[in-house]
Amino acid sequence: MFIDSHCHIDFIEFDIDREFVLQQCIKQDISQLVVPGTRVEHFERQLRLANTFPAIRNALGLHPYFLDTYRETHLNELQSIIEENYDSIVALGEVGLDKAISIDWKVQVKVFQEQVEMAKSFQLPLILHHRKSHNEILQILKQCKFNHGGIVHAFSGSLQIAEAYTELGFAIGVGGGITYPRAHKTRKAIERLPLSSLVLETDSPDMPLNGYQGKRNSPLKLPIIFDALLTLRTESTKEVQEACFQNVFNYLVHM
Ligand SMILES: [Zn+2]
């Protein structure tokens, strides 16, 4: 059994065949898919999809990419929708900081900090988005004394950075990045981390795997990421698969 711990199956890229993809997931033993929140306008759609497809587990949050339409009221709206749906929400996310986009850095930091505080008050784990921002994210998590853990989505970076997150109670999201031989540093980190810190994810429709560049990514590619992970690990197939599955329950809530 597999869980895709990060998958945007709610995005329009899946409008033409979402039901088919989800049926195929069940056939391939992908029993659950965690769908992270991106923006307020999309929350109702996410909640509706989870009612239709029982494999979907929602997180809700304001993703840094979509802060171009951010308004002060969005944080209050996020808070109320989490309150109303608390028992079905697996984490607050995806939230974080991204230095490769043009969204004002101060706005990113403010919205991230406020959401870390919100997750803390709800006692919810976080799903973290990072790009060239590990140090700033770690600093904010420490300043806020955040201790409900969660998942660092699509981790890339050194073993030292990965360990800074695991020390704070976070799992490391293993995605398509490890299928690229050039990702030496990340692959080394994934090789050395304890199995109890690893979860699998695709980030579909984004982050195509090596050999599939330019194509829509799909949760159905999860077994390919799993195979790439196996080549980095010394444990048996069964051990790695069971750990990656069980870990999601340990790092997220209401699964
Ligand atoms: Zn994402």
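Indexing begins at 1, ligand by ligand and atom by atom, following the structure's order.
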Item to check | Aromatic ring pairing Phe66/Phe11, orientation class (parallel under 30°, perpendicular over 60°, tilted between) | outcome: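 Phe66 vs Phe11 ring planes: perpendicular.
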| task | If you have a sec, read the angle at the Zn ion (ligand 1) from Asp203 atom OD1 over to Glu94 atom OE1, to 10 degrees. | result |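 Vertex the Zn ion (ligand 1), arms to OD1 of Asp203 and OE1 of Glu94: 170°.
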Could you tell me whether the Zn ion (ligand 1) has an N, O or S atom of [X] under 2.8 Å away?
X      : answer
His8   : yes
His6   : yes
Asp206 : no

If the threshold is 4.0 Å, N to carboxylate O, is there a salt bridge linking [X] and [Y]?
X      : Y      : answer
Arg48  : Glu44  : no
Arg39  : Asp10  : no
Glu191 : Arg187 : no

